[in-house]
Amino acid sequence: MDSKRALDMAGRLALRAAGDVEPSPLVGCVIARGDQVLGLGHYRRWGGPHAEVEALADCRRRGRDPRGATCYVTLEPCRHTGKTPPCTGALIEAGIARVVYARRDPGEESGGGAEVLRAAGIEVERCTESGLAMAVGEAFAKRVVTGLPWVVAKWAQTMDGRLATRAGHSKWISGEASRRRVHRLRARVDAIITGLGTVVADDPMLTARGVRRMRRTAARVVIDAGLDIPLSSRLVATARETPTIVLCAREMATAPISAGARAALHEAGVKVVGVESVPGGPPGRLDLAAALRLLRSDHGVSTAMLEAGPGLLGAMIEADLVDEAVVYVAPLLLGDEMARAVVRGRVVDSLTAGKRWRLLRIRRCEQDVELTYRRAGEVER
C-alpha cells in the first residue's frame with residue numbers, strides 16, 4: 001500500500017478521538033500487507049490501549065495474522081511504560097516487519113521508539129507526505145515542547161472580512177449549520193477564552209449546547225486585567241454550573257481596592273487568578289503567553305478555543321499564540337469601512353509584514369463556508 005494513502009487513512013482514524021484523549025496525542029494506525037488492510041486502530045481514550053495495540057487487536061478479530069506486515073502510524077511508536085506497556089514491544093512481539101510513521105514523538109520518555117524497533121530488526125521509515133497524518137500530532141508536539149496549550153481561534157465574518165457592523169451588531173452573521181459546528185468544537189476543548197469587551201457587549205454563555213455527545217466541559221476563561229467583569233453577566237451567574245475563571249493583573253488579585261469584587265466573584269463560584277503583566281508594557285496589560293502557560297500547568301488546559309473580539313484576537317495573533325483558526329465566511333457583504341474588522345492592533349505597510357497561514361481544510365455549512373487554517377511555518381518539533 002502507498003505510504004501516503006495509508007497514513008491519510010490513519011490520520012482520519014486518529015481524528016475520531018478529538019476531545020477524548022488529550023493531553024495525550026491523537027494517533028491512528030493501519031496494518032496492511034501489500035494492498036490488503038489487516039487491521040485498523042486509533043487511540044480512543046486517555047489511558048486506554050494505544051493505536052498500534054488497537055490495530056493489532058483488530059487483526060486478531062478479523063482472523064488475520066500481522067506477522068510480516070507493515071504498520072502505518074501517525075506518531076512514532078512509544079518505547080516507555082506509562083498507563084499501558086510500550087507499543088514497540090507489542091509490534092515486535094506481533095512480528096511486524098516494517099513500520100512507517102509520520103511524526104516523531106518529542107517526549108523525553110516516550111520518544112525514540114524507532115531506534116528500539118530497528119534494534120529488533122524491524123525496518124523503520126519516516127514519511128511526511130501525508131499532511132493529515134502530520135497535522136493530527138501537531139497539538140501534542142506543541143504541548144510537549146512549549147508547555148503551552150493548543151489554541152484554536154474561531155470567528156464568523158462577512159465576505160468582506162467584518163465581524164460586526166459599526167454599531168457592534170454581529171448576531172447572526174453565520175447560519176445555523178455553522179453555529180452547530182461551533183457547539184461541537186466547544187464540546188471538545190478544555191477552555192473557551194474570551195475578553196472583557198466580548199462579555200460586556202454580547203453577554204455570552206460560552207457553553208456547548210445541542211451536542212449529541214459532550215466530550216469535555218470547557219472552563220470559561222475571561223481575560224480581564226482590571227477585574228471589571230459585571231457581576232450581572234451570565235458567565236458569573238452560571239459559574240457554579242460551569243467552571244469560570246477570570247484572569248486579572250497580579251496586583252488586582254491581592255490589592256485591597258479589588259477585595260469587594262473578588263469576594264463577590266468568589267461567592268458566585270468564579271475563580272480569580274492573577275497573571276503577570278507584560279514586562280515593560282502598558283500598565284495592566286496581561287502577559288498572554290504567561291496566562292496560557294498558567295492555564296496549562298495549573299488548570300489542565302490542553303486545548304483552548306478563543307472566541308474574542310478584534311482586540312484580544314489581534315493581540316493573541318500578534319504574539320503567535322494562536323495555532324489554528326476556524327473561520328466561518330457568510331454570504332453577506334457589508335461594504336462599510338467603519339464596520340468592525342476581524343483583528344486590530346497591527347500596523348502593516350507591506351504584504352510581507354502580514355501573518356501567513358496555511359489552509360488545512362474547507363467545508364461547506366449550508367450557505368456558509370468553514371475554513372480551517374494553521375499557522376504557517378510549523379516545523380518538526
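Computed from heavy atoms alone, side chains included, the values below leave out hydrogens, waters and symmetry copies. Residue numbers start at 1 and run along the sequence shown.
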>> Quick check for you: to the nearest 0.5 Å, what is the distance between L56 atom CG and R60 atom CZ?
In response: 6.0 Å

>> Taking the side chain as everything from C-beta on, heavy atoms only, tell me whether V100 gets closer than 4.5 Å to R126.
In response: no

> If every non-hydrogen atom of A120 is compared with every non-hydrogen atom of I92, which pair is closest and at what distance?
Replying inline: CB-CD1, 3.5 Å

>> Between L196 and V272, is there shared hydrophobic-cluster membership here, with clusters defined by ILVMFWY side-chain heavy atoms closer than 4.5 Å?
In response: yes

>> Check this for me: H183, atom NE2, are more than 12 non-hydrogen atoms of other residues, nucleotides or ligands nearer than 6.0 Å?
In response: yes

> Any donor-acceptor pair under 3.5 Å linking the side chain of Q36 with the backbone of R33?
Replying inline: no

> Any ion pair linking R162 and D336 (charged N to carboxylate O, less than 4.0 Å)?
Replying inline: no

> Between D190 and T303, is there a donor-acceptor pair closer than 3.5 Å when you use the side chain of the first and the backbone of the second?
Replying inline: yes

> Any sub-3.5 Å donor-acceptor pair from S174's side-chain atoms to R179's backbone N or O?
Replying inline: no

> Does the distance from a Lys or Arg side-chain N to an Asp or Glu carboxylate O, for E324 and R374, drop under 4.0 Å?
Replying inline: yes

> Quick check: does any side chain N or O of R216 sit under 3.5 Å from a backbone N or O of V189, one acting as donor and the other as acceptor?
Replying inline: no

> Which heavy-atom pair separates P23 from S302 by the least distance, and what is that distance?
Replying inline: CB-OG, 3.1 Å

>> For E54, is there an ion pair with R44 - N to carboxylate O distance below 4.0 angstrom?
In response: yes

> Looking at side-chain heavy atoms only, is the closest gap between L306 and V322 below 4.5 Å?
Replying inline: yes

> Distance from D203 atom CG to L235 atom CG, nearest 0.5 Å?
Replying inline: 7.0 Å

> Got more than 12 heavy atoms from elsewhere within 6.0 Å of CD, E176?
Replying inline: no

> Any salt bridge between R5 and D8, counting N to O under 4.0 Å?
Replying inline: no

> Quick one: does D65's side chain have a donor or acceptor within less than 3.5 Å of a partner on R67's backbone?
Replying inline: yes

>> Do I173 and L334 land in one hydrophobic cluster if side-chain heavy atoms of ILVMFWY residues count as linked below 4.5 Å?
In response: no

> Does R61 reach the side chain of D58, with side-chain heavy atoms less than 4.5 Å apart?
Replying inline: yes

>> Taking A18's backbone N and O only, do any of them form a donor-acceptor pair with R215's side chain (distance below 3.5 Å, no angle check)?
In response: yes

>> Hydrophobic clustering (ILVMFWY, side-chain heavy atoms < 4.5 Å, transitive) - are V327 and V152 grouped together?
In response: no

>> Heavy-atom count check: over 12 atoms from other residues, nucleotides or ligands less than 6.0 Å from E318 CD?
In response: yes

> Salt bridge or not for E129 and K4, using N-O below 4.0 Å?
Replying inline: no

> Should E76 and R103 be marked as a salt bridge (Lys or Arg N to Asp or Glu O under 4.0 Å) after you check the CA-CA gap, both sets of side-chain angles, and the distance that decides it?
Replying inline: CA-CA 6 Å; E76 177 185 15; R103 181 180 285 274; over 6 Å; no

> Is the backbone of A102 close enough, under 3.5 Å, to the side chain of T128 for a donor and an acceptor to pair up by distance?
Replying inline: no

> Should the heavy atoms of other residues, nucleotides or ligands under 6.0 Å from CD of E337 be counted, would the total exceed 12?
Replying inline: no

> So, do P77 and V99 sit near enough that their side-chain heavy atoms are less than 4.5 Å apart?
Replying inline: yes

> If you draw a 6.0 Å radius around CZ in R209, do more than 12 non-hydrogen atoms from other residues or ligands fall strictly inside?
Replying inline: yes

> With a 4.0 Å cut-off, would you call E52 and R79 a salt bridge?
Replying inline: no

>> Could you measure the distance from the NZ atom of K154 to the OG1 atom of T372? Nearest 0.5 Å is fine.
In response: 13.0 Å

>> Using only atom types and a distance under 3.5 Å, with no angle test, would you say the side chain of D368 pairs donor to acceptor with the backbone of G175?
In response: yes

> Cluster question for you: counting only ILVMFWY and a side-chain heavy-atom cut-off of under 4.5 Å, with indirect links fine, are Y43 and Y72 together?
Replying inline: no

> So, the side chain of R364 versus the backbone of E366: is there a donor-acceptor pair under 3.5 Å, distance only?
Replying inline: yes

> Is D224 reaching over with its side chain to a backbone N or O of V246, donor-acceptor style, under 3.5 angstrom?
Replying inline: no

> Does the distance from a Lys or Arg side-chain N to an Asp or Glu carboxylate O, for D20 and R213, drop under 4.0 Å?
Replying inline: yes

>> Check this for me: does any side-chain nitrogen of one of R186 and E307 sit under 4.0 Å from a carboxylate oxygen of the other?
In response: yes

>> Is there a side-chain contact between V73 and V27 in this structure, where contact means two heavy atoms from C-beta onward sitting under 4.5 Å apart?
In response: yes

> Which is it for T238 and R220 under the side-chain hydrogen bond (donor to acceptor under 3.5 Å, both in side chains) test, yes or no, and what are the steps along the way?
Replying inline: CA-CA 10 Å; T238 58; R220 289 95 55 94; 2.7 Å; yes

> Just how far is it from atom CE of M316 to atom CD1 of I223, taken to the nearest 0.5 Å?
Replying inline: 7.0 Å

> For the hydrophobic clusters of this structure (ILVMFWY residues joined by side-chain heavy atoms under 4.5 Å, transitively), does one cluster hold both V326 and W150?
Replying inline: yes

>> side chain to side chain contact (heavy atoms under 4.5 Å, CB included), that's the test. Do V21 and L26 meet it? Break it down for me.
In response: CA-CA 7 Å; V21 301; L26 295 172; 3.6 Å; yes

> With a 4.5 Å limit on heavy-atom distance, are the side chains of L163 and W155 in contact?
Replying inline: yes

>> For the CG atom of L265 and the OG1 atom of T244, what is their distance to the nearest 0.5 Å?
In response: 10.0 Å

> Given the rule in the side chain to side chain contact (heavy atoms under 4.5 Å, CB included) test, do L360 and Y373 qualify, once you have shown the distances and angles that lead to the verdict?
Replying inline: CA-CA 5 Å; L360 192 68; Y373 295 92; over 6 Å; no

>> side chain to side chain contact (heavy atoms under 4.5 Å, CB included) for F140 and K142? Distances and angles first, verdict last.
In response: CA-CA 5 Å; F140 170 71; K142 184 206 175 180; over 6 Å; no

> Can a donor-acceptor pair be found between the side chains of E370 and Y328 at a distance below 3.5 Å?
Replying inline: yes

>> If we count only N and O atoms by modelled type, under 3.5 Å, do the side chains of S258 and R262 hold a donor and an acceptor together?
In response: yes

>> Around atom CG of L333, are there more than 12 heavy atoms from other residues, nucleotides or ligands closer than 6.0 Å?
In response: yes

> Say you draw a straight line from CZ of R375 to CG of L321; how long is it, rounded to the nearest 0.5 Å?
Replying inline: 7.5 Å

>> Quiz question: by atom type and distance under 3.5 Å, do the side chains of R285 and S277 form a donor-acceptor pair?
In response: no

>> Regarding K355 and D320, does a basic nitrogen lie under 4.0 Å from an acidic carboxylate oxygen?
In response: yes

> Would the number of heavy atoms belonging to other residues, nucleotides or ligands and lying under 6.0 Å from CG of L359 be above 12?
Replying inline: yes

> Does the side chain of T194 come within less than 4.5 Å of L206's, by heavy atoms?
Replying inline: yes

